[in-house]
Amino acid sequence: MAGEFWPGFLLALGAGVVLGAAYDSFRILHLVLGGGKGQRFLFDMLFMTVAALVTFLTALAAEAGQLRFYLLAGEGIGMCAWALTFGELTLWAASVIAAFLRWLRRLGRWLMRPIYRTIRRVMRFFCRQLGKIPKNMSRKPKKSLERDGESSV
């Protein structure tokens, strides 16, 4: 009986580490996308669905579908191990990368602002010039039946 415990527990421990990595990936995705409470709820529901499936498959592989407490404890310990080690590193790295991308976006806006301003001024100038053209000048002149130098009066 004691020999059957360890393979299932180690499998559950590995599944917990995988679940911890999946939760961190959802957390990083939420950080990058910058969504609100609705997006957070959607990601949490998606994670819970994935976690339920992984727990079921772990129980199926370890104990022929019977859910034991040590399987749940193994998954919990695996998730905590991930969160306290690699989870901290991945979240730190993701926040540094997100801050760098925000800085890069601000730099791009700062560099492009004079170009946009110039384009806007040129467009405004041409629109004003087009507004000065009288309406009758923009139409095609009608052909006259009179010849040059002749008058109908």
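What you see is a predicted model, and the numbers here were worked out from it, not measured in a lab. Both backbone and side-chain heavy atoms feed into the values below; hydrogens, waters and symmetry mates do not.
For the pair Phe9 and Ile77, the minimum side-chain heavy-atom distance is below 4.5 Å. Between Leu53 and Thr49, the closest side-chain pair of non-hydrogen atoms is not below 4.5 Å. Between Trp110 and Arg106 there is no side-chain heavy-atom pair separated by less than 4.5 Å. Counting only heavy atoms from C-beta outward, the side chains of Trp82 and Val18 never approach each other to under 4.5 Å.
Rounding to the nearest 0.5 Å places CG of Asp44 at 8.5 Å from NE2 of His30. To the nearest 0.5 Å, atoms CZ (Arg120) and SG (Cys127) are separated by 13.0 Å. Atom CD of Gln66 and atom CG of Leu60 lie 11.0 Å apart (nearest 0.5 Å). Going from atom CG of Leu107 over to atom CZ of Phe100 covers 9.0 Å, rounded to the nearest 0.5 Å.
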Leu42 vs Leu46, test: side chain to side chain contact (heavy atoms under 4.5 Å, CB included). Steps then yes/no. CA-CA 6 Å; Leu42 180 69; Leu46 188 61; 5.7 Å; no
Is there a side chain to side chain contact (heavy atoms under 4.5 Å, CB included) between Arg121 and Phe125? Walk through the geometry before answering. CA-CA 6 Å; Arg121 284 180 188 156; Phe125 173 76; over 6 Å; no
Decide yes or no on side chain to side chain contact (heavy atoms under 4.5 Å, CB included) for Leu91 and Asp24, but give the supporting numbers first. CA-CA 7 Å; Leu91 190 62; Asp24 267 352; 5.5 Å; no
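In plain terms, the two heavy atoms of Arg27 and Gly87 that are nearest each other are NH2-O, 4.1 Å. Across every non-hydrogen atom of Thr58 and Ala12, the tightest pair is CG2-CA, 3.8 Å. Shortest non-hydrogen contact noted between Ser25 and Ala22 is OG-O, 2.6 Å. The two residues Ala62 and Gly8 have their closest heavy-atom pair at CB-CA, 3.7 Å.
If you chain together hydrophobic residues whose side chains sit under 4.5 Å apart, Val54 and Leu71 never meet in one group. A continuous path of Ile, Leu, Val, Met, Phe, Trp and Tyr side chains, each step under 4.5 Å between heavy atoms, connects Met123 with Tyr116, placing both in one hydrophobic cluster. Both Val50 and Leu29 are members of a single hydrophobic cluster when ILVMFWY side chains are connected at heavy-atom separations under 4.5 Å. By the criterion of side-chain heavy atoms lying less than 4.5 angstrom apart, applied directly or through intervening Ile, Leu, Val, Met, Phe, Trp or Tyr residues, Met48 is not grouped with Leu19; the two fall into different hydrophobic clusters. The cluster map of Ile, Leu, Val, Met, Phe, Trp and Tyr, joined by side-chain heavy atoms under 4.5 Å apart, puts Phe26 and Leu33 in the same cluster.
Below 30°, between 30° and 60°, or above 60°: for Phe5 and Tyr70 the angle between ring planes is between 30° and 60°, a tilted geometry.
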